[in-house]
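A short write-up of the structure that comes next.
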Amino acid sequence: MKLATWNVNSITARLPLVTKWLTEAQPDVLCLQEIKCTDDRFPANEFAALGYESTVFGQRTYNGVAILSHAKCRDVQRGFPDDGAEAQARLLAGTIDGVRIVNVYIPNGQAVGTDKYAFKLDWMRRLREFFDAHYQTSQQVLLCGDFNVAPEDRDVWDPGKFVGATHVTPAERDAVTQLEKWGTEDVFRHFYGDADGLFSYWDYRAGDFHEHRGMRIDLVLATTPLAARARWAVVDRNARKGKQPSDHAPVITDFDERS
DNA sequence: ATGGTAGAGCATCTA
């Protein structure tokens with residue numbers, strides 16, 4: 001099973017690029033974040049024409065997550081179980097080919113000390129509690145998406161430029177560590193050792209992409225039984241080039257078929 | 001020059 005995660009920064013603006021990419025990359029599953037549209041405006045017909053079923057948890061203007069899959073997506077869950085009707089659309093879970101997939105768009109946090117930063121940390125704490133309450137580490141569980149956290153200093157282009165900034169604070173990194181301590185492994189990092197420069201996001205501004213000023217904030221965490229099936233993982237930087245790209249590139253992981 | 005660009009939706013807000 002070939003699975004990709006991609007923050008597309010509006011599925012409407014990115015539709016030509018995403019359809020072209022699907023045709024070429026042929027993933028079995030594509031987890032999308034920041035679709036920035038309601039369910040009724042999601043281009044499910046265009047993806048169905050390419051052989052993909054759409055499972056959508058949308059929202060007007062901001063946020064929104066979706067899962068495209070060749071196979072049926074079962075037991076779909078939208079948001080945390082205790083979310084109210086006003087909750088932001090940031091979590092979408094479903095079971096595909098025997099793998100429980102949890103697709104998240106973790107809050108950005110804006111700036112350290114703001115309400116949005118506190119909301120981010122609280123949201124990540126709730127995510128860990130959600131795993132405690134609903135899943136077991138013996139199951140094939142995959143947590144992927146835009147974490148808006150760079151796990152280590154080697155995951156940003158210049159740690160010196162991030163002093164006092166979000167995405168790198170000990171509290172944010174600890175929240176990711178808590179998700180790993182629950183019983184998951186950073187599948188992408190596993191294939192690259194201590195290498196740096198493995199970015200998945202580059203700011204649109206100041207030519208950051210072409211100057212290699214990026215961050216690795218799009219992660220794929222898997223339980224041990226699922227991580228054991230991982231064959232390879234890559235960032236498709238080509239999808240960040242060209243006309244009207246997202247500011248994120250797709251992160252692809254390939255898993256062996258179940259024995 | 002506390003800068004720069006992109007998207008939603010139409011004034012800013014978010015990233």
Side-chain angles (χ1 to χ4, degrees), chain A residues 5-21 31-44 46 56-66 79 86-92 103-124 127 144-151 155-169 171-173 175-176 199-219 235-251:
Chain A
T5 178
W6 194 3
N7 178 321
V8 289
N9 185 22
S10 169
I11 192 60
T12 307
R14 221 62 61 207
L15 186 59
L17 178 59
V18 174
T19 52
K20 174 171 168 283
W21 186 83
C31 292
L32 299 167
Q33 302 90 34
E34 274 204 276
I35 62 171
K36 290 185 170 178
C37 70
T38 48
D39 292 16
D40 58 307
R41 291 173 181 257
F42 190 84
E46 284 81 350
V56 184
F57 184 29
Q59 179 186 329
R60 185 183 129 104
T61 310
Y62 303 118
N63 314 313
V65 283
E86 78 298 338
Q88 299 176 5
R90 295 181 175 276
L91 184 150
L92 177 63
N103 175 24
V104 293
Y105 175 46
I106 290 178
N108 174 284
Q110 201 164 66
V112 175
T114 62
D115 289 348
K116 288 189 172 63
Y117 180 75
F119 177 73
K120 177 181 194 174
L121 292 180
D122 189 58
W123 201 94
M124 296 184 79
L127 183 60
C144 71
D146 179 357
F147 281 60
N148 272 313
V149 179
D155 294 319
V156 299
W157 63 277
D158 182 357
K161 293 286 197 295
F162 285 84
V163 174
T166 57
H167 295 60
V168 300
T169 64
E172 290 166 278
R173 286 175 168 170
V176 174
F199 307 139
S200 61
Y201 161 84
W202 301 260
D203 197 297
Y204 282 121
R205 295 168 285 192
D208 275 6
F209 178 71
H210 293 100
E211 299 299 328
H212 312 295
R213 294 189 290 257
M215 310 172 75
R216 188 176 77 95
I217 58 176
D218 299 276
L219 308 180
V235 177
D236 187 358
R237 288 189 196 77
N238 286 327
R240 181 60 175 79
K241 302 172 183 173
K243 287 186 131 184
Q244 289 193 298
S246 170
D247 42 2
H248 295 249
V251 176

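Reckoned from all heavy atoms, side chains included, excluding hydrogens, waters and symmetry mates. These numbers were taken from a predicted model, which means no experiment stands behind them. Chain identifiers are assigned alphabetically (A, B, ...) following the order of the sequence lines, protein sequences preceding nucleic acid strands; residue numbering begins at 1 within each chain.
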| Could you give the start and end, 5' to 3', of the contact zone on DNA chain B for chain A, using atoms under 4.0 Å from its heavy atoms? | dG4(B) to dA15(B)

| said: Over 60° means perpendicular and under 30° means parallel, so tell me whether F209(A) and W202(A) are parallel, tilted or perpendicular. | reply: perpendicular

| remark: Residue set satisfying side chain to side chain donor-acceptor pair (under 3.5 Å) with D208(A), at least two apart, ordered chain then number -> R213(A)

| field | Under the side chain to side chain donor-acceptor pair (under 3.5 Å) test, residues paired with D155(A) that sit two or more places apart | value | R189(A), R216(A)

| message | So, using salt bridge (charged side-chain N to carboxylate O under 4.0 Å, His left out) as the criterion, who are the partners of R240(A) when residues are at least two apart? | response | none

| request: Using the P atom as the reference point in each nucleotide, state the distance between dA1(B) and dT12(B) in Å, no decimals. | output: 27 Å

| task | Under 4.0 Å between any heavy atoms, over every strand shown, what does Y105(A) touch: base, sugar-phosphate, or nothing? Just pick one. | result | sugar-phosphate

| request: Just jot down the side chain to side chain donor-acceptor pair (under 3.5 Å) partners of S10(A), sequence neighbours excluded, or say none. | output: none

| query | dT5(B) and dG9(B): how far apart are their P atoms, nearest whole angstrom? | reply | 22 Å

| query | Quick one: side chain to side chain donor-acceptor pair (under 3.5 Å) partners of R205(A), sequence neighbours excluded? | reply | D203(A)

| query | Pick the nucleotide of DNA chain B nearest each of R205(A) and T12(A); which residue has the one closer to the 5' end? | reply | R205(A)

| query | Want to settle it: does K36(A) or N63(A) sit nearer the 5' end of DNA chain B, counting the closest nucleotide to each? | reply | K36(A)

| task | Would you classify R14(A) as touching base, sugar-phosphate or nothing, given that sugar-phosphate means primed atoms plus P, OP1 and OP2, and contacts are heavy atoms under 4.0 Å? | result | sugar-phosphate

| message | Distance check, C1' atoms only: dG3(B) and dA8(B), in whole angstrom units. | response | 24 Å

